[in-house]
Amino acid sequence: MKIARIAVLVSGGGTNLQALIDAQNNGIINSGRIELVISNNPDAYALTRAANAGIASVVITRKHCGSQRAFEEAVVQALENSNIDLIVLAGFMSILSEDFTSRYPERILNVHPSLIPSFCGAGYYGLRVHEEALAYGVKVTGATVHFVNEIPDGGKIIFQKAVEIQDGDTPEILQRRVMEQAEWKILPEAVEIVSKQLMS
Ligand code: GAR
């Protein structure tokens, strides 16, 4: 059977990338393989994680490209050069335009650290999502893996997992719990399922 060629787009620490690498190593992901990591931040620790796992990586920044359009064209070029089948946004902190997303219908996945439709959309990313959940006073939050379309965090939901908020939570503590209990599990599971479907 053909294996899906996966590109992971990152911007920061890359713990979700690490969860994907670990899942690939222990067989949770076996219908796809990470062939390329693309970072829009030259200082992202995710790049070190890719190098440690022997995965090719490339840095493409909007600043260097000069415009969002040129940035996205460079990303498309990198994806085409590596014959990528599936794109995974794993802590990728930039919104992609409809020009880009419409090229890859149901071939881009994103992990978001809340139960969509709460605390999502433009402006909700990283720690900010957890700050807003705590400020609102919700008792349950979680993570969502969804397909990416032209609406930020608006594509079809694949998996969600709830996580309880506890007394004394800080945004950092909550972020870690959401990652450990939800993101690092549902992202690899979704990548396996979508890879399998794409290649069948
Ligand atoms: C993760 O919590 C991810 O869900 C979130 O940023 C963090 C990145 O961590 N992504 C977004 O907020 C995207 N809207 P990581 O770099 O360690 O995977």
Side-chain angles (χ1 to χ4, degrees), residues 6-24 28-29 34 36-53 55 57 59-62 68 75 87-97 100-101 108-136 138 140-165 169-191:
I6 299 168
V8 184
L9 273 57
V10 298
S11 301
T15 65
N16 279 290
L17 169 65
Q18 191 64 54
L20 293 171
I21 293 168
D22 294 347
Q24 189 167 278
I28 290 172
I29 297 176
I34 305 168
L36 181 65
V37 168
I38 301 178
S39 176
N40 66 348
N41 169 11
D43 302 320
Y45 185 67
L47 290 165
T48 303
R49 296 181 190 274
N52 289 344
I55 299 168
S57 65
V59 174
I60 305 173
T61 68
R62 196 185 142 146
Q68 182 67 17
V75 173
I87 302 158
V88 181
L89 311 186
F92 184 65
M93 304 302 186
S94 170
I95 293 177
L96 294 161
S97 75
F100 184 93
T101 59
I108 313 173
L109 295 179
N110 180 47
V111 60
H112 182 76
S114 75
L115 294 175
I116 290 173
S118 290
F119 311 115
C120 66
Y124 285 92
Y125 57 86
L127 211 51
R128 182 68 219 288
V129 178
H130 305 292
E131 285 166 1
E132 294 292 328
L134 289 175
Y136 198 96
V138 291
V140 176
T141 184
T144 303
V145 178
H146 62 93
F147 283 119
V148 174
N149 65 8
E150 70 285 1
I151 302 159
D153 297 324
K156 186 173 143 198
I157 291 173
I158 300 165
F159 284 132
Q160 289 190 302
K161 192 159 188 290
V163 174
E164 276 186 22
I165 288 174
D169 271 354
T170 62
E172 291 80 6
I173 290 171
L174 183 58
Q175 180 181 52
R176 182 78 192 179
R177 189 179 311 117
V178 169
M179 285 174 160
E180 280 176 359
Q181 294 185 7
E183 295 184 49
W184 300 342
K185 293 183 175 156
I186 63 174
L187 182 60
E189 284 168 11
V191 166

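Nothing fancy with the numbering, it's 1 onward along the sequence. All ligand and atom numbering here is 1-based and tracks the order in the structure. The figures here come from the full heavy-atom set of this structure, side chains too, leaving out hydrogens, waters and symmetry mates.
- The heavy atom nearest to atom 1 (C) of ligand 1, out of those in Arg49, Arg128, Glu183, is found in Glu183.
- Inclusion of Thr15 in the set of residues having an N or O under 3.5 Å from an N or O of ligand 1 is warranted.
- Shortest contact from atom 14 (N) of ligand 1 to any protein heavy atom: His112 ND1, 3.5 Å.
- No more than 12 heavy atoms of other residues, nucleotides or ligands sit less than 6.0 Å from atom CD of Glu164.
- Nearest non-hydrogen protein atom to atom 8 (C) of ligand 1 is Gly91 CA, 3.6 Å.
- Of the protein's non-hydrogen atoms, Gly126 N, 2.7 Å is the one closest to atom 12 (O) of ligand 1.
- The option from Pro113, Pro152, Gly14, Gly13 that lies nearest to atom 11 (C) of ligand 1, judged by heavy atoms, is Pro113.
- Residue pairs satisfying the side chain to side chain donor-acceptor pair (under 3.5 Å) criterion with at least one member in residues 113-129, sequence neighbours excluded, are listed as follows: His112-Ser114, Arg128-Glu132.
- Between Asn16 and ligand 1, at least one N/O pair is under 3.5 Å apart.
- Here Asn110 pairs with His146, Asp153 under the side chain to side chain donor-acceptor pair (under 3.5 Å) rule; sequence neighbours left out.
- The nearest protein atom to atom 9 (O) of ligand 1, hydrogens excluded, is given as Met179 CE, 3.4 Å; this is a heavy-atom distance.
- We find that Glu180 and Arg176 are joined by a salt bridge, their nearest charged nitrogen and carboxylate oxygen being less than 4.0 Å apart.
- The closest approach between a heavy atom of Tyr45 and any atom of ligand 1 is not below 4.0 Å.
- Met93 CE, 3.1 Å is the protein heavy atom nearest to atom 6 (O) of ligand 1.
- Ligand 1 has no N or O atom lying under 3.5 Å from any N or O atom of Asn110, backbone or side chain.
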